[in-house]
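In what follows, a structure is listed as structure tokens, so that the remarks can point back to it.
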Amino acid sequence: MSIELLIENYGLLAIFLGAAFEGETAAFLGGVIAHRGLLTYWAAASAATAGSFAGDQFWFFAGRYAARWSLVRGLLERPALARVTRLLETYPTGFILAFRFLVGLRTISPVVIGTTGISTGKFVVLNAVAALVWGQLFTALGYLFGHGIQQTLGHLPLHRHLLIAVGAAAVVAAAALAFRKMRSSVGHS
């Protein structure tokens with residue numbers, strides 16, 4: 001079975017699951033794949049949006065109803081918790097709209113929000129709005145990156161195109177993590 005056929009058959013499911021559990025890389029690759037014409041842009045962006053929404057709802061409900069599970073307790077013991085709690089208490093609506101864009105806070109944030117008094121209805125609405133913006137943004141970035149690669153290097157075989165995209169996403173993720181660690185160490189000095 002070719003990679004193109006796999007993507008055509010399972011690409012949307014992969015984008016959905018990837019966006020739910022990993023995040024940006026899955027949405028970004030969905031955009032690259034859409035640029036290659038194996039999926040439509042709107043289908044890829046919708047799968048990324050739905051995956052992001054579903055994943056964050058899962059973690060919210062884990063915080064709300066499963067705070068005693070070892071997985072949830074482990075998340076709540078992370079050092080980022082104090083930062084998340086401070087931001088959430090100061091800017092509850094803004095934080096719910098923005099947490100998925102904050103490096104290192106994506107998984108822990110909906111768990112923490114679930115442990116607070118914020119209503120489920122409010123979280124669902126704000127989560128849907130933020131997921132829609134996030135899904136469109138990262139899928140569009142992948143689409144534009146795919147276009148840029150094609151303009152720069154020509155029409156590459158799909159596997160090379162995807163490897164370049166994964167490499168670029170890894171570099172961006174590493175840079176964001178390094179920036180976060182640098183900010184963290186400066187803040188503790």
Q) Mind checking what makes ring pair (Phe, Tyr, Trp, His ring centres under 6.0 Å) contact with F60, not counting sequence neighbours? A) F123
Starting from [Y], can I reach [X] by hopping between I/L/V/M/F/W/Y residues whose side chains sit under 4.5 Å apart?
| X | Y | value |
| --- | --- | --- |
| L87 | V129 | yes |
| F58 | V124 | no |
| F53 | V111 | no |
| V125 | Y91 | no |

With a 4.5 Å heavy-atom cut-off, do [X] and [Y] have their side chains touching?
| X | Y | answer |
| --- | --- | --- |
| I108 | W59 | no |
| T116 | T85 | no |
| T25 | F138 | no |

Q.
Taking transitive links into account, so neighbours of neighbours count too, which hydrophobic residues share a cluster with L13 at under 4.5 Å side-chain distance?
A. F16, L17, F21
Q: Can you sort out the partners of S52 under side-chain hydrogen bond (donor to acceptor under 3.5 Å, both in side chains), two or more places apart, ordered by chain and number?
A: R100, R106
Q: Please name all residues satisfying side-chain hydrogen bond (donor to acceptor under 3.5 Å, both in side chains) with T40, sequence neighbours left out, ordered by chain then number.
A: none
What is the minimum heavy-atom distance between [X] and [Y], and which atoms define it?
| X | Y | value |
| --- | --- | --- |
| L12 | A47 | O-CB, 3.6 Å |
| A27 | A48 | CB-CB, 3.7 Å |
| N127 | D56 | OD1-CB, 3.6 Å |
| R64 | G117 | NH2-C, 4.4 Å |

Among residues at least two apart in sequence or on other chains, which ones pass side chain to side chain contact (heavy atoms under 4.5 Å, CB included) with [X]?
| X | value |
| --- | --- |
| L126 | T93, I96, L97, K122 |
| Y65 | F61 |
| S46 | none |
| Y143 | A34, H35, Y41 |

Q: Please list all pairs passing the salt bridge (Lys or Arg N to Asp or Glu O under 4.0 Å) test where one or both residues lie in residues 15-26, with sequence neighbours left out.
A: none
**Q.** Interatomic distance, L29 atom CG to F145 atom CZ [nearest 0.5 angstrom]
**A.** 9.5 Å
**Q.** Nearest-0.5 Å distance, CH2 of residue W134 to CZ of residue F101
**A.** 8.5 Å
